[in-house]
There are 2 protein chains.
Amino acid sequence: MGRRLSICNSIDDCDLAILANESSRMTVADGRSFIEEGAPANDFFVVTGGRVKLFTLLPDGRRQITGFAEGGDFLGLAASTSYAFGAEALGGATLCRFPHAGMQRLTERFPSLEHRLREEASRELALMQARMTLLGRKTARERVATFLIERCSHLDRPDPSHPIELDLPMPRTDIADYLGLTIETVSRILSAFKKEKLINIRSITHITLLAPERISMIAEGME
Amino acid sequence: MGRRLSICNSIDDCDLAILANESSRMTVADGRSFIEEGAPANDFFVVTGGRVKLFTLLPDGRRQITGFAEGGDFLGLAASTSYAFGAEALGGATLCRFPHAGMQRLTERFPSLEHRLREEASRELALMQARMTLLGRKTARERVATFLIERCSHLDRPDPSHPIELDLPMPRTDIADYLGLTIETVSRILSAFKKEKLINIRSITHITLLAPERISMIAEGME
DNA sequence: TACCAGACTTGATTCAGGTCAAGGTGATGG
DNA sequence: CCATCACCTTGACCTGAATCAAGTCTGGTA
């Protein structure tokens, strides 16, 4: 979770060798889990390629996806001694792993990194506030609309009131577990949006937002 | 949000005068709001006495309480340029305000403070993960049970399997908005717990957990 | 002591979203 | 080119929690 932490931003013209020294690369195959909820937290991760999903589980298997992460995102801030979440690759991912000990050496060498990490945590906290409102107070329609709009903001293209092409790299199950709904409800609402000409479903993963403005309105409960 | 940040922990035998210089005290009357969601974020706050609730609103007035804070808790991590939440005193509170600029001077003078803040943000993030699971995936019964157990952990008394006396300083409305339920549902479930001899309701604010273990089980969906 | 206002509880009813149960679709491999 | 499998969609029905509507309890006031 947390976007665009090019870790080097805070090291600038830094000694990259040091950084490389403290980290190791790894690749994770689709659907493979690489952080176990509750396991001792020894590493930070930075997603360098592909996508990852973060989640927590209830004992009976109910799952809440707490976020999706992609290139540049940082994982592991929500962990003190043990991880507060599990993580799993979504279609294959590459990661950079920073053992905590090494991370500490890095923050000592580059103090601004510590500040950067806090900023990242703050950004993440602000996002979570919004997500709690979504989960606690929004209707299914509003949730799905919010999800679509959220996906737009991942496109760095500034968003006019023109149609926007989106792709949803995650299966419906993941969308449902992210929004606190069932896959049937997600599916039904996407179909409804289509019928209302708010979106066009070109394929399972490719969706066009035909009326982004209206979808934003719905997302905020102002339709 | 975030507990037990005695800011001096990270300054230790520090120059308290400097700290005092950078902060100002304030008191907020019951129900009085002192952080406006979306307003430019210029200050951090530390709760020094009383209680505070944090929340976000939807345009039509739906409210999600994202946390309660009390003595020692830190507010304002979930803010970059503008606050991601509103805050309001719950029965009167006293606060210490740290303007960002002053805070920056403090972190420069006491670098470990920066680390401390990140830790605090991490702790908060981990809590939020759990809360997202609550809001997205738990039943009303599980939510209320979780809330009761959560309140226990605010008591620093270690919790045996004996009855535990709790007080709930917030009105039912706030509990409901915290759990993503209505006040009727909260009320009904507390009554049900009482009928099942899981709790005893001594007064509106005073509740005794008669079977904390069982309530924990319910909270985790394992009843 | 009686009255009042605000907060809480309880009951009856409704409805959004879940559950259960068929189909459809599209990518992969034989 | 068809079979298969995993994933998605759609429909019928059900249910947990919301909504609507009375009560009830409490503490404060006169």
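Naming convention: chains lettered A, B, ... in sequence-line order (proteins, then strands); numbering from 1 in each chain.
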Output, in order, the C-alpha distance, side-chain angles, deciding distance and verdict of side chain to side chain contact (heavy atoms under 4.5 Å, CB included) for B:Gln64 and A:Leu135.
-> CA-CA 9 Å; B:Gln64 176 65 47; A:Leu135 293 171; over 6 Å; no

Does CZ in A:Arg202 sit with more than 12 non-hydrogen atoms of other residues, nucleotides or ligands closer than 6.0 Å?
-> yes

If you draw a 6.0 Å radius around CE in B:Met26, do more than 12 non-hydrogen atoms from other residues or ligands fall strictly inside?
->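 Counting neighbours around CE of B:Met26, more than 12 heavy atoms of other residues, nucleotides or ligands fall under 6.0 Å, so yes.
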
Just how far, in rounded Å, is [atom2] of [N] from [atom1] of [X]?
X        : N      : atom1 : atom2 : answer
B:Arg62  : D:dA17 : CZ    : C1'   : 16 Å
B:Leu179 : D:dG16 : CG    : P     : 19 Å
A:His206 : C:dG26 : NE2   : P     : 14 Å
B:Arg63  : D:dA18 : CZ    : P     : 15 Å
B:Leu135 : D:dA17 : CG    : C1'   : 15 Å

Readout for nucleotides 8-20 of chain C: B = base within 4.0 Å of protein heavy atom, S = sugar-phosphate only, - = neither; 5' to 3' it is SBBBB----SSBB

Pairing residues for B:Arg63 by the salt bridge (charged side-chain N to carboxylate O under 4.0 Å, His left out) criterion, not counting sequence neighbours | B:Asp174, B:Asp177

Can you name the ring-ring contact (aromatic ring centres under 6.0 Å, His included) partners of B:Phe34, sequence neighbours left out?
->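 If we apply the ring-ring contact (aromatic ring centres under 6.0 Å, His included) test to B:Phe34, skipping adjacent residues, the hits are B:Phe45.
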
Establish, from distance only, whether the side-chain atoms of B:Tyr178 and B:Arg143 form a donor-acceptor pair under 3.5 Å.
-> no

